[in-house]
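Notes to accompany the following structure.
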Amino acid sequence: MKKNFLLLLTIAALTMPTKAQKEIYPTYVGSDLGLTFTPTTSSFKIWAPTATKAQLKFYRQPIGGTPTRTIDLKQSKQGTWAITLQGNYEGVYYTFCIQHEEKWLNEVADPYAKAVGTNGKRAMVLDLKKTNPIGWEKDQQPKLKNATDAIIYELHIRDASIAPSSGIANKGKYIGLTETGTKNPAGLTTGLDHLTELGVTHIHLLPFFDYNSVDESNTAPQYNWGYDPVNYNAPEGSYATTTADGAVRIKELKELVQAFHKKGLALVMDVVYNHTGITDESNFNQLVPGYYYRHTADGKYSNATACNNETASEKAMMRKFMLESVLYWAKEYHIDGFRFDLMGVHDIETMNLISAALHKLNPNMLIYGEGWTAGASPLPDSVRALKQNAAKLKGIAVFSDDIRDGIKGSVFEAADRGFASGDTSKIESIKFGIVAATEHPQVNYKKVNYSKKPYAASPQNTIIYAECHDNNTLWDKLAISALKATVAERIEMHKLALSIVLTSQGISFLHAGTEMLRSKYGIENSYNQPDSINAINWNLKTHYIAVFTYVQQLIQLRKAHPAFRMTSTAQIQTNLKFLNAPAGMIGYSINGAAVKDPWKQIQVWFNGTSKSIILPAGLIKGYKTVVVNNEFVKGGVENLLVNGYGCVVLYKD
Ligand code: CA
């Protein structure tokens with residue numbers, strides 16, 4: 001959820017949006033909207049069914065200057081306007097504008113534009129093949145057998161490298177994440193090498209489509225998360241080494257993908273189809289005023305996103321746009337997964353069409369999203385991709401805010417604590433997350449913080465996490481809420497929180513830097529804060545190397561043991577049993593043998609209190625230790641004392 005991050009004032013409405021909630025325009029069925037390029041012809045086509053005239057303008061440069069040519073488009077079938085030009089137009093920048101209700105609207109880049117120049121104002125004709133890095137045709141995308149095998153790491157491109165401590169040369173750039181051998185001042189790995197050392201499987205990068213809030217023509221330091229789309233099908237320019245040539249951002253993003261894939265890392269793209277960064281003057285509204293959005297009964301833009309507008313995925317051409325857009329990214333850039341921002345805005349049918357098409361293209365595709373909105377939508381809850389409808393989403397996971405806030409306390413109440421910070425009233429919310437929001441006979445759903453019933457059809461439906469880019473970091477939340485705890489205790493709480501995340505069923509998700517106690521200095525919503533708040537400080541790895549090592553070992557444990565990654569609700573119901581734990585603790589066993597785990601039996605124990613508690617001797621008899629009090633320790637289990645905020649993992653082989 002993105003709150004209050006976009007307060008752009010838009011110029012007075014050019015046209016009142018139509019009240020159209022039904023398909024009143026013809027749907028274009030072809031797949032050639034935008035530019036179709038060959039070295040001998042360039043075909044341009046837009047869908048603009050209300051237009052009475054349409055023009056294409058050519059420019060020499062991405063911004064400034066006057067058109068070198070203005071070409072009238074011809075009205076074509078199903079609401080389209082088109083022209084095919086003979087010759088090689090590589091390097092030409094172009095815009096469209098249409099006449100609507102006898103008025104010429106603003107020039108815009110084509111909404112389908114795949115290449116844009118500075119600030120995405122003009123599209124660019126180019127040969128995409130020429131943007132492929134050397135060896136691109138041999139690029140191998142990582143395999144993903146089950147979604148529950150994924151361990152996601154959520155990272156902002158600029159945050160990864162902008163601090164001096166990163167040791168990375170191309171700071172804040174796509175290609176900064178292609179550098180290897182980079183080190184912090186103490187000689188510990190940073191950037192790409194750090195990600196592979198940590199052992200995560202998927203890197204989820206915050207928005208890298210072309211967004212609005214960073215002025216690409218200004219090289220002074222600027223910052224934004226990027227949840228304000230301008231051009232959905234072109235990469236953001238501020239992460240490229242130059243924006244003067246629209247080809248560079250494409251090539252450099254592909255280099256990043258290639259570098260990840262060479263290391264076996266999958267790349268998840270954060271997509272934001274739920275709203276556009278600007279409203280009246282968006283590319284969509286300049287071609288078909290009002291069409292791509294939902295409206296309230298009085299004809300205004302509805303606002304389920306809290307960003308001034310919400311798109312209408314249920315409309316044929318918006319649905320088509322989203323579908324073609326994700327497929328384009330998956331094919332052209334070899335993207336391995338998609339994370340849908342405010343997915344609860346989109347309708348279930350569209351999301352399932354997208355999932356089916358992406359999985360058909362690549363069975364290893366990982367798809368997940370936020371199963372909520374940031375406000376009310378005119379489209380009924382029952383047909384939208386909300387968390388409560390997760391079981392209707394095929395091959396798509398939703399974030400579990402239940403376990404997130406069960407672990408650390410509500411993100412909306414600063415003082416609220418979670419199980420990992422001593423509030424043992426949150427035990428059922430943790431158990432809910434341990435079984436990945438599936439139905440389990442030993443979870444008391446009435447006592448779960450948010451959801452009063454299971455919503456996941458399978459553990460592959462659920463993202464398990466303690467923090468993401470929104471809200472305080474876990475480390476900051478602990479500082480704000482666990483006021484009586486010492487720093488040493490808060491470190492144990494943090495390790496307990498990540499122990500819960502990485503041993504629970506479902507799909508693991510980590511926010512970048514959590515493995516070294518990342519802080520944003522108490523800034524709760526850092527979407528536009530400077531690098532001094534957002535940058536990953538790689539010196540933290542030196543200070544908290546023990547925490548890093550523990551998280552790395554937890555990841556190794558998860559990867560080595562399918563018992564933590566069961567693939568069906570039935571498997572969890574049969575093989576995961578909650579144990580009769582001492583007060584303030586959670587304990588459960590997994591029948592590893594039943595899911596072909598190298599360990600026949602596993603037990604996991606979490607202590608949500610500040611006190612040491614001795615584990616019931618009868619229950620743990622015959623087991624060996626792997627984790628004791630948030631550290632990997634091999635040994636026996638006699639008189640096993642679990643420290644406050646300690647995690648214990650035991651096994652029988
Ligand atoms: Ca941009």
Side-chain angles (χ1 to χ4, degrees), residues 2 5-10 34 59 61-64 93-96 106-124 126 131 156-162 170-177 205-254 256 269-286 307-309 311 325 328-329 332-333 335 341 469 527-531 534:
K2 312 289 150 337
F5 83 88
L6 193 68
L7 295 168
L8 291 176
L9 295 172
T10 51
Y59 292 86
Q61 60 283 87
I63 42 171
Y93 288 89
Y94 65 93
T95 62
F96 295 101
N106 293 352
E107 278 176 55
V108 286
D110 167 5
Y112 287 79
K114 295 178 168 75
V116 297
T118 312
N119 285 334
K121 298 290 184 197
R122 293 172 188 162
M124 186 192 189
L126 55 73
T131 64
H156 184 282
I157 292 166
R158 187 175 174 92
D159 293 355
S161 58
I162 200 71
N170 293 285
K171 290 185 171 59
K173 303 299 179 189
Y174 294 118
I175 58 170
L177 278 170
L205 291 176
L206 262 67
F208 56 80
F209 51 78
D210 180 31
Y211 63 77
N212 192 51
S213 46
V214 167
D215 179 1
E216 299 175 8
S217 68
N218 182 351
T219 54
Q222 298 172 70
Y223 188 89
N224 209 278
W225 284 341
Y227 290 94
D228 52 339
V230 176
N231 291 292
Y232 284 101
N233 294 338
E236 164 61 15
S238 60
Y239 302 135
T241 54
T242 177
T243 64
D245 176 353
V248 172
R249 58 180 77 189
I250 299 173
K251 182 163 186 285
E252 291 180 347
L253 174 56
K254 286 178 175 174
L256 180 156
M269 179 176 184
D270 200 336
V271 290
V272 188
Y273 297 104
N274 63 73
H275 75 283
T276 52
I278 50 177
T279 303
D280 290 318
E281 300 201 313
S282 71
N283 291 349
F284 284 155
N285 266 337
Q286 296 306 301
C307 295
N308 304 323
N309 65 73
T311 56
S325 180
Y328 169 70
W329 283 103
E332 184 66 30
Y333 289 89
I335 300 291
D341 188 63
H469 66 279
Y527 78 95
N528 66 350
Q529 294 292 307
D531 295 327
N534 281 300

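The first residue in the sequence is number 1, and the count goes up from there. Remember, it's 1-based here, ligands and their atoms both numbered in the order they're listed.
The nearest N/O/S atom of D210 to the Ca ion (ligand 1) is OD1. Within E216, the N, O or S atom at minimum distance from the Ca ion (ligand 1) carries the name OE2. The N, O or S atom of E236 with the smallest distance to the Ca ion (ligand 1) is OE1.
At a cut-off of 3.0 Å, Y211 is counted among the residues with an N, O or S atom near the Ca ion (ligand 1).
A salt bridge links R249 to E216: at least one charged side-chain nitrogen sits closer than 4.0 Å to a carboxylate oxygen. Salt bridge K254/E332: present, at least one basic N to carboxylate O contact under 4.0 Å.
In this structure, H156 has its ring center no closer than 6.0 Å to that of Y527.
A heavy-atom distance below 4.5 Å is not found between the side chains of Y232 and N283.
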